[in-house]
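A short worksheet on the structure shown next.
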Amino acid sequence: MKSRIVRKLRIMGLITLLLFSAVQTAAAFDEEPLLLEFEAMLVSSDRNDTARAIELLAASEHPEQLTLLSLLLEGNLYRNRDDDRLYQLKQHEEGQPAERLLGDDSRIIESRRDFRRVVVNNAQRSQIRQVMALTALSSDQSAKRLAAVKQLMRDFDEETLSLVRDAYPDETHPKVRELMAVALAIDTLSQDDAASLSDAIDTLSRSLEPRARNALMQFSDATDDDGLKAQADAALVKIDQKIKFYKGLETLYFGLSLGSVLVLAAIGLAITFGVMGVINMAHGELIMIGAYTTFVIQQLMPEHIGLSILVAIPAAFVVSGLVGIAIERGVIRFLYGRPLETLLATFGISLVLQQAVRSIFSPLNRSVETPSWMSGMLEFNPVFAITLNRLYIILFCFMVFFALLLILKRTALGLQVRAVSQNRAMARAMGVRSERVDMMTFGLGSGVAGIAGVALSQITNVGPNLGQAYIIDSFMVVVFGGVGNIWGTLVAGMTLGVATKLVEPVTGAVLAKILVLVFIILFIQKRPRGLFPQRGRAAED
Amino acid sequence: MISIQGLNQFYGESHTLWDIDMQIPEGQCTVLMGRNGVGKTTLLQCIMGHQKVASGSIQLNPVNKDLVKTSVEQRPRLGVGYVPQGRQIFPLLTVEENLQIGLPVLPRGQRKIPDYIFELFPVLADMMHRRGGDLSGGQQQQLAIGRALVVDPKLLILDEPTEGIQPNVVQEIGDIIRKLNREMGLTVLLVEQKLPFARKVGDRFCILDRGRKVAEGAMDGLDDTLIKQYLTV
Amino acid sequence: AETIKVGVLHSLSGTMAISETTLKDTMLMLIEEQNAKGGLLGKQLEAVVVDPASDWPLFAERARELLERDQVAAIFGSWTSVSRKSVLPVVEELNGLMFYPVQYEGEESSKNVFYTGAAPNQQAIPAVDYLMNDLGIERWVLAGTDYVYPRTTNRILEAYLKQKGVAEADIMINYTPFGHSDWQTIVSDIRTFGSAGKKTAVVSTINGDANVPFYSELGSQGISAEDIPVIAFSVGEEELSGIDTTPLVGHLAAWNYFMSVDTDVNDDFIEKWHDFTGDTDRVSNDPMEAHYIGFNMWVEAVNKAGTTDPSAVQEAIIGVTVPNLTGGYAAMMPNHHITKPVLIGEIQDDGQFYVVWQTPGTVAGDAWSDYLEGSKDIISDWRKPLECGNYNVVTKTCSGQNFE
Amino acid sequence: MSQTSLLSEVKDKNHVFSFMQSQASPALNVDKDILLYLEGLSVSFDGFKAINELNLYIRDGELRCIIGPNGAGKTTMMDIITGKTQPDSGSAWFGQTINLLELDEPAIAQAGIGRKFQKPTVFEFLSVEENLILAMPDERSVISLLLAKLNGEQRDRIEEVLIQVGLKEQALIRAGSLSHGQKQWLEIGMLLMQKPRLLLVDEPVAGMTHQEMDRTAELLISLSGSHSVVVVEHDMDFVRQLAGKDRTVTVLHQGSVLAEGSMDQVQNNRKVIEVYLGE
Amino acid sequence: MLWNLIKQDRGGQVLLALLVLAIILVPLLNGLPTDHPLHLPTYMVAVMGKYLTLALLALSVDLVWGYLGILTLGHGAFFALGGYVMGMYLMRQIGDRGVYGHPELPDFMVFLNWDSLPWYWTGLDQFWFAAILILLVPGLLAYIFGALAFRSRVSGVYLSIITQALTFALMLAFFRNEMGFGGNNGLTDFKDILGFNLQSRQTRVGLFIASAVALALGYLLCRYITQSRLGKVCVAVRDAESRSRFLGYRVENVKLWVFTLSAMIAGVAGALYVPQVGIINPNEFSPLNSIEIVVWVAVGGRATLYGAVAGAIFINYAKTWFTTELPDVWLFALGAIFILVTVFLPKGLAGLLRRREGSA
Ligand SMILES: Nc1ncnc2c1ncn2[C@@H]1O[C@H](COP(=O)(O)OP(=O)(O)OP(=O)(O)O)[C@@H](O)[C@H]1O
Ligand SMILES: Nc1ncnc2c1ncn2[C@@H]1O[C@H](COP(=O)(O)OP(=O)(O)OP(=O)(O)O)[C@@H](O)[C@H]1O
Ligand SMILES: NC(N)=O
Ligand SMILES: [Mg+2]
Ligand SMILES: [Mg+2]
């Protein structure tokens, strides 16, 4: 039962959309025999016919071959159950127009049921991609050619190889050329031509492509020539060393990225709990609110997913911040001087917020899309690539951290909140407007939690349990780092992240988590006040 | 400067201050005296707003405000500086930060710690970046006085400011209070147990006993009978 | 007027609310519909909804209340195995009826419980067959959440794969804690494992909340279904509705029902569901179908027995056959499991599954796996004269019954 | 306690864990008539030398006044003696046999060193009477605490101390609601209950009236002889009273002894006047 | 001597009187014919028994939190360990009546292919041995944990968080099937206790009485401790830890023993809880559960023993009632209770009672 609110938001969003998005019209194709046959196969109820339709088109020299195949690949073709013809739909919604693929007939969708999407399966998708790759091999963009060679390397046969072989001499782009060379070398290794074998091994020894390594292994197992075997083995050792090095880098990156998630989740708490002393059990729910804000923003601007995240950051800050301020004004301000009781009240608040989200947005997870600029990888080589979304999260984490540091160190607020938390009465006697400071600080911590929610929405569930999943870890990080020290939070989060990732490959995820917890317990014995303890006479009693 | 009328205060059930009427004339230094536990600190806390009063009024004069009805954080803005008993330093803030806390009450452009504070208490300059809580007791006391002066007060309230301070500095503090009082026209309300010091800096005295005001007058009027009656155990 | 009470025992709060709330709504819809049809035995049905709050002991407590205090004629409920295990002694002690709608690990057959979800042989085994035969998979990653269902399923699959000649080195098993959220290392390991030159697939028994970050990591590390397909047993339409499916197109799931199934009963069911919830975006899923089947079976059995008395219904329900939503029929077997078709679907970018394969007929649920050492000799048959849920055909004994 | 030392403790099968040891320290030995030896003590905080090569000896039964500017290191010295602060170097012995630097705070307290803090610290949620009961020296092990009962003698003693510190009327109220001065008295009362061999008294008369000061002086003087008493105070009248004609007064400055001698000598010491007393 | 303990303890008197009354009335009312208007259904007996065990748990938390100032966010671990020991005993009582008919191994071990009982399951078929372990296992863990933490002077939130880490780690460990405790499914399907059929009415009433007696004894024990000199030392430690060191108290020993004792009480509570609810699963180790216990104590009134009992019973009753009557929105109601109690009843329910007493 999606709430009405969301639906309303969505309608508003649609209106905005119409203003932005250019209306695209589908071009119809002629009813020539080949295409009619293609259509007939696709509307058939026999699944194998789809594959045949693809083959049919692929084998033909039809000029619109690629256009049609991509329509199919992207799921833009629908079968009408009445007339068994194919249609292109702008939207699979009642009242929307449907254009016939062949000829120029169109109708309005009366019932969604009447139109069934024509779907391709994995094998067929591969089939289409291969066809497209073959064409792309002669594209004038090197990136496309590179992708094409990669696609072809998944599964090459004589035909594709000969295409690569033909294209190789003319290829100018070094990367594409290199990959082609690898492909050809792999092929060479499977032949029995001793002359070029050594060169092929040499080529492959420089490549980190898994297929290259596999080919070398196979070759090494199969060959009778001791010299070549030794060469292949040496190449393998070299490759494995490189792989090991890159795996190490990868682990480090994974650790930092897990660490930055922990830091983001904890950093708001480092303020509300660490600096203000409120044991804020609702912190997780403030993160959750940030994530839901992202969801709502995306609902409002479904055509601008890329932008939506950027809009969501300030929006989540404001929404969570306001909720935080409401919590502070409504409950917590009655509890200053009774820090333990904030635990009780905020625990209650967290239950209420969870249930509120369940009532408003349903208990189901909501889907938040990853904008295209955040998806994909920065590929350094075939064994080492960094995922862009995580990279952005790491960067974002540092940005948030330094922004907060600046606020706490460079503004009066930072000083005042520490004064208030150390001695409220005296701070007021010095003219500090403690109520405003509390409100602003709690709002700031909550707003930052909201921002963390935006980041988390990119990698995990956006659902009512989101907060629960992070609250324990957040407290762990803040305390491990040393309460009241936000540098501590940063270092603690990163340390725990990297430690987890270092242990995980050895022990598996479950034991890794247990070991990290045991590590925290033992570490605290050694440093009873965390990584960066508050020192001095006052902290001792 | 301050005129207190019919002030009553309770800690829970226990009636601590009884119908206090008291005047603190502008430009003078009034010393509040009395045995331990008679309610001196409590009275100052009422003036500062740290304790709720049950009845009565506390008029702050040139600005004509009833302090009972104003919030605590207004007081420094109305020109009241406070040196509490037990120093109440912010232990984890540095000395500098302790002093900076009061700056925002000053008009923009004047938000700087005045140099004369470091002239008065050179030790604070030496310890600028040490945590307040790490200072020795006497250093903290000096910091507390310095901190109160930062807000540029018209009325300075001090609760046993010489407690734990080395003798030569006590003399200095006496001189300072007198100077602030006589030369800069600062009104001072001082709680002090030590008679010589009280006599030296005070213009007027006021004695509390078991929550009531029992005597008041010019410092010359503080004679042995009063002392025997109210200040001896 | 006197009513027949039906207990609905699904978590509406806590971690499981995410899955179970829908089933509560389904039950309310089915009951409403039945009442519109005139009720049962001339009486109206009344749903008694309680919230066991994802708290396992609370499941037993609530079940006891439903049976003792509310005198419900049957309980429809539970999702996790542990909640079922918690309720089990109670329904057996009080001789109640319970319909359990979720795929599970098997190894159980109670006189009082009817298992309308899939047993491992109705989901896992056919799925692996499909991967092996149709996709030519040679290397296997068995990834699951660390609890009994994945453990058991994977043990069965491991035995099965080895029996089919798969080498130990071609099987990688990985367990993660509940709600595991950082999948970077594991996905990277899977990628490495899958780059050994043999076609590799992941069989996922990853549960609930851990799926979103898992798939999202698959997407960001660029593992597409064409490289390494993932087939899931716990990811359905409901779970997909919380995931951005664009990068997941082509990954698989094995179920006994998909919302996209093109039959009239299914279309009708979905339409009613949309009307009932007032939300045309709501999806339907396999456990909903299981409740649909279970409820109709119960109705039929009550009609057949002429009473809601549990013992009579237990007797009457074996052999009852009702339509399922995929165009066939489901029959209650003597082991209290039902017959189901097995469907394999590929994820589409609209969050639906497209059926790419299905068993020609239906498969009967097997309570005791033929691939596990301890249980291959055990059978279950609740008909007279055997009346035993775990009869050892070798020792010829029946053990572990909680009733006299 | 660090992890490695814990590990080595566990590995050593003859190790007697501290929680299994009898917690009594070696018997106090004051054969040489010196109760407290502080030799070559130094301690610094973030590079700042709070105590610098300090040497100090307290005789058995002596009443010693220590004065010195704010920040001279007086409180820090007490922190070292009571185990709160570990010195960087030097030694601290209680009698001939007890090395204070090897003991932790409770062991030092049990060995017979009691302390009154500069800032009065009492147990705010317990009544005044309960504060005194807890200061009684006898029961310290968990079991005996569980079974402890007040006997008549102890009751009388509490009564006596309550009267001595003038808190008879407040006996049953929460210590937290005492005024500052009253807390000072309560702390003195706790010291009296504890009857330690060595009393360290940090600024006892701060916030007291002159007459109370006299009383405190009397009290401390009466304790000396059977106890050693070290008093830190800035109030010269009080120090004068305590020191009388022939007791020793020590002046600390910048962490070490600046001057030592009778009150008269000290008072007329130029350097002392310069850094501390003023003209 | 007993009377002296509760002479000045109005709440305690009421509590003990109620417990005695319950011990007498519950079997009587439960024994009435089922159609009698005063009949107490057996399921209610079990539910009430459960409340009493949770109250005992709350008591153990109040002892360390209320009086000693240790905010333990991991006490559920000790409760769960006691529960697991009892659960293991109950599993062993099943004998060959499991579904696989194995004479020794519990079902979950059979189907996970274990061939023999792990060493730590041995002896648990004996009740006396189980009874000892119920005290010993939580006690030992608390002792070791405490010896480490208190000696290192870990305190405040740092201690709270590592208690939380402790229970969290245990939860993950117990989830692992390799541990041999049944993984996520835990231990369930119990049949007898001490030879009595767990599903019989009499056994349930017996367990209820055992819980009531345990609660009463637990109350008296805690009361005795808090009234003793040790109790005063606890408060002293709570309010000024370092000051009590300077008086010669070995703070770490005081903390260690009280904490250990409290863990044992929690273990007993867990052991009584398990046969009444019929299942023990790693979820009992969940950190949020432990936080909830603290919340019960706070609602009841920290540092009043009867308050802790009242809080636990009140909240758990409210939960039962809400989840049946307001299944869709009960979290709002529960959350609101927590918020309102904190803001308006700073001393918890016990404060309400005392205010009454004060004004009367
Ligand atoms: N927070 C409190 N709660 C209850 N009673 C208090 C509280 N603070 C002070 N009192 C009581 O109020 C009375 C007055 O205390 P107050 O601190 O004002 O005394 P004082 O005159 O400043 O004494 P001193 O010279 O010792 O500082 C004392 O008897 C004290 O016991
Ligand atoms: N933990 C600490 N960190 C940093 N500096 C410290 C610390 N403890 C003490 N100090 C410094 O050591 C010096 C000695 O302090 P101490 O408290 O011993 O002085 P004192 O002689 O007792 O002075 P007072 O008479 O003012 O109480 C002071 O300058 C103080 O600032
Ligand atoms: N039965 C399950 N999926 O837990
Ligand atoms: Mg005072
Ligand atoms: Mg000092």
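Below, chain A is the first sequence line, B the second, and so on; all start at residue 1.
For E:Thr260, the side chain to side chain contact (heavy atoms under 4.5 Å, CB included) test picks out E:Ala142, E:Tyr143, E:Leu256, E:Met264, with sequence neighbours left out. The salt bridge (Lys or Arg N to Asp or Glu O under 4.0 Å) check on D:Arg64 picks up D:Glu62, D:Glu260, with sequence neighbours excluded.
Results of the side chain to side chain contact (heavy atoms under 4.5 Å, CB included) test with E:Ser228 over D:Leu145, D:Leu146, D:Leu147 single out D:Leu146 as the only residue that passes.
The line from CG of E:Leu230 to CD1 of D:Ile143 is 8.5 Å long, rounded to the nearest 0.5 Å. Note: E:Tyr249 OH to D:Ser141 OG = 11.0 Å, rounded to the nearest 0.5 Å.
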Quick one: side chains of residues 69-78 of chain E, donor-acceptor pairs under 3.5 Å with protein atoms, not counting sequence neighbours, listed by atom name and distance.
residue	atom	partner	partner atom	Å
E:Thr72	OG1	E:Gly74	N	3.3
E:Thr72	OG1	E:His75	N	3.3
E:Thr72	OG1	E:His75	ND1	3.2
E:His75	NE2	E:Ser262	OG	2.6

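The closest side-chain heavy-atom distance from E:Leu247 to D:Phe123 is below 4.5 Å. Using a 4.5 Å heavy-atom threshold, the side chains of D:Pro106 and E:Phe246 count as separate. Between E:Arg229 and D:Leu150 there is a side-chain heavy-atom pair separated by less than 4.5 Å.
Cation-pi geometry between E:Arg243 and D:Phe117 is not met at under 6.0 angstrom from the ring centre and within 45 degrees of the axis.
When heavy atoms are compared at a cutoff of 4.5 Å, E:Gln227 does not approach chain D at all.
Here D:Asp104 does not pair with E:Arg245 in a salt bridge; the nearest charged N to carboxylate O distance is not below 4.0 Å.
Residues D:Gln110 and E:Gly248 come closest through the heavy atom pair NE2-O, 2.5 Å.
At a heavy-atom cut-off of under 4.5 Å, chain E is reached by D:Glu187, D:Met190, D:Gln194 from residues 173-196 of chain D, listed in order of number.
Of the listed residues (D:Ile133, D:Leu134, D:Val122), the greatest number of heavy-atom pairs within a distance under 4.5 Å of chain E belongs to D:Leu134.
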